[in-house]
2 protein chains.
Amino acid sequence: MQNASTGPRAGSSTDDQTGPRRTGRAVSREVLADHVYAELLASLMDGRLAPGAVVSIDGTARELDVSPTPVREALARLEHTGMVRRVALKGYRVAPVFTQEDFAELMEARLAIEPVNARLACERINQHGLAELGKAVEDLKSAPRGPSFAEFKDYLEADERFHQLIARQTGNQFMEAAYSALGGQVQRFRLFGGVGITDAEHAIAEHEAVLAAVTTGDPDKAAAAMADHIRKVRSRAIADAPES
Amino acid sequence: MQNASTGPRAGSSTDDQTGPRRTGRAVSREVLADHVYAELLASLMDGRLAPGAVVSIDGTARELDVSPTPVREALARLEHTGMVRRVALKGYRVAPVFTQEDFAELMEARLAIEPVNARLACERINQHGLAELGKAVEDLKSAPRGPSFAEFKDYLEADERFHQLIARQTGNQFMEAAYSALGGQVQRFRLFGGVGITDAEHAIAEHEAVLAAVTTGDPDKAAAAMADHIRKVRSRAIADAPES
DNA sequence: CATAGTCAGATCCTATAGGAAGCGCCGGTC
DNA sequence: GACCGGCGCTTCCTATAGGATCTGACTATG
């Protein structure tokens with residue numbers, strides 16, 4: 001049901017039994033494992049896979065209509081991001097929800113990395129990057145923020161995109177990789193950790209402050225604005241005291 | 001030879017092939033993919049696999065006497081560390097050597113992360129952690145630093161271990177993960193990027209300064225000592241002007 | 001009623017087979 | 001001598017089979 005995006009193969013599945021199964025994705029310049037990876041990542045990012053859920057290799061293979069091998073490969077990659085965990089002979093499951101301690105650690109790490117990113121991005125960003133960044137903030141403001149999750153999703157996507165863009169605009173592949181390692185967790189926290197709609201108004205203003213500083217070309221102010229944003233996110237989350 | 005308990009095919013390979021491959025994993029509570037991962041990582045870390053070398057799936061499988069599937073899984077994990085690169089239908093190869101620009105980016109990232117690690121570690125380290133850290137510095141000093149690579153290896157290992165310990169002692173899983181993502185690259189640079197023996201004397205003193213600050217319990221000084229160390233590593237490397 | 005033993009199903013893990021694509025070599029042609 | 005098409009080899013990629021292990025339920029016994 002969820003592979004209708006790239007899967008050109010349809011119908012004809014009813015088999016002449018002798019033939020080799022699935023004549024397979026014609027030009028398909030992309031490997032099955034990539035497809036599985038993207039599918040699983042999307043499921044994790046938009047909440048279809050809840051924390052703690054088991055991700056059966058065989059089950060996923062059946063669901064996506066591939067053999068277990070590419071699923072295994074995709075899960076091995078995902079494990080390195082911390083979004084799924086593997087136990088030796090028991091299989092994979094989605095990483096559990098954050099404890100308050102995990103959350104504190106995550107924010108500490110963000111405070112170490114993201115202000116630096118903002119500073120570097122400010123020093124090196126070009127016109128195109130500024131446009132992208134502006135669009136992210138614009139999307140953030142225009143995204144519907146209804147109480148239903150489906151409507152809130154676009155807001156969260158724009159939020160994540162803004163931070164990713166900052167990381168990319170550093171021009172430093174390692175800083176970008178460092179944020180990417182965190183970004184998945186950040187997004188998962190946005191989904192399950194209790195970031196509420198009330199957060200949005202404040203957050204938008206804070207993002208605008210970062211954008212303004214970057215546009216002005218003031219690295220110190222950009223770093224400070226980003227640090228301020230992260231600290232306030234932390235304060236608001238703690239104040240809400242998410243008790244799951 | 002390493003599948004004493006589970007291997008269906010045993011015996012028949014009595015033709016004592018090449019290496020005395022480590023006969024570990026006795027009770028086999030560890031999966032083959034883990035073994036392959038460790039083996040590949042070791043090969044990357046101590047220079048047996050040079051940058052640019054192709055890592056054939058089938059070849060590695062034959063070499064380690066396993067089937068291609070666990071090799072594939074291990075490589076999928078390694079790819080996420082940046083130490084090997086995969087091209088869609090062409091296979092894996094070891095990531096190429098650093099350009100000077102890559103090196104500058106790596107050092108920039110280390111400067112953003114490691115002083116923070118030193119500060120946090122200083123605030124939270126316990127007696128056992130201090131002992132481990134002290135032993136790393138001790139090994140650093142006592143390691144042979146002969147011109148041959150084999151003798152220099154222990155020194156490099158202790159160096160990497162010191163920084164890893166600092167990262168672990170932060171008590172912050174994300175900072176530790178962030179450094180781990182860099183650590184492999186740092187180690188690869190130590191091997192191939194031109195860190196010479198002349199570096200060792202200065203570096204030892206700088207490590208001792210970090211250790212002293214951490215032992216004293218002065219977070220500011222620890223962070224400053226670590227930043228100083230990284231800057232000097234960068235300066236020395238640039239001065240040596242590694243031209244490969 | 002509680003606990004231990006047994007069995008069946010599901011799942012993971014590894015091995016092997018076979019199709020598809022890239023790479024190098026070789027002989028033929030201009 | 002230079003260029004081009006065919007051929008085989010290697011390698012990757014996916015599918016499938018089978019052994020080993022874990023989980024959960026069911027039954028028998030103290």
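All chains are named by letter (A, B, ...) in the order of the sequence lines, taking the proteins before the strands, and each is independently numbered beginning at 1. Worth saying up front: this structure is predicted, and the values here are computed from it rather than measured.
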Which pairs of donor and acceptor atoms, one on a side chain in residues 49-59 of chain A, lie under 3.5 Å apart (sequence neighbours left out)?
unit_1: A:Ser56; atom_1: OG; unit_2: A:Asp58; atom_2: N; d: 3.4
unit_1: A:Ser56; atom_1: OG; unit_2: A:Gly59; atom_2: N; d: 2.8

Any residue meeting side chain to side chain donor-acceptor pair (under 3.5 Å) with A:Arg62, in chain and number order, not counting sequence neighbours = none
Inter- and intrachain pairs under ring-ring contact (aromatic ring centres under 6.0 Å, His included), touching residues 55-92 of chain A, at least two apart = A:His80-B:His80
All N/O pairs under 3.5 Å across the protein-nucleotides 10-13 of chain C interface:
unit_1: C:dC12; atom_1: OP1; unit_2: A:Ile57; atom_2: N; d: 2.9
unit_1: C:dC12; atom_1: OP2; unit_2: A:Ile57; atom_2: N; d: 3.2
unit_1: C:dC12; atom_1: OP2; unit_2: A:Asp58; atom_2: N; d: 3.2
unit_1: C:dC13; atom_1: OP1; unit_2: A:Ala88; atom_2: O; d: 2.2
unit_1: C:dC13; atom_1: OP2; unit_2: A:Arg72; atom_2: NH1; d: 3.3

Listed partners of B:Arg86 passing side chain to side chain donor-acceptor pair (under 3.5 Å), at least two apart = A:Asp34
Under the ring-ring contact (aromatic ring centres under 6.0 Å, His included) rule, what pairs show up with a residue in residues 51-72 of chain B, not counting sequence neighbours?
-> none
Over how many whole Å does the gap from B:Arg93 atom CZ to C:dG22 atom P extend?
-> 16 Å
Output yes when at least one side-chain N/O atom of A:Ser67 is less than 4.0 Å from OP1 or OP2 of D:dT14, else no.
-> no
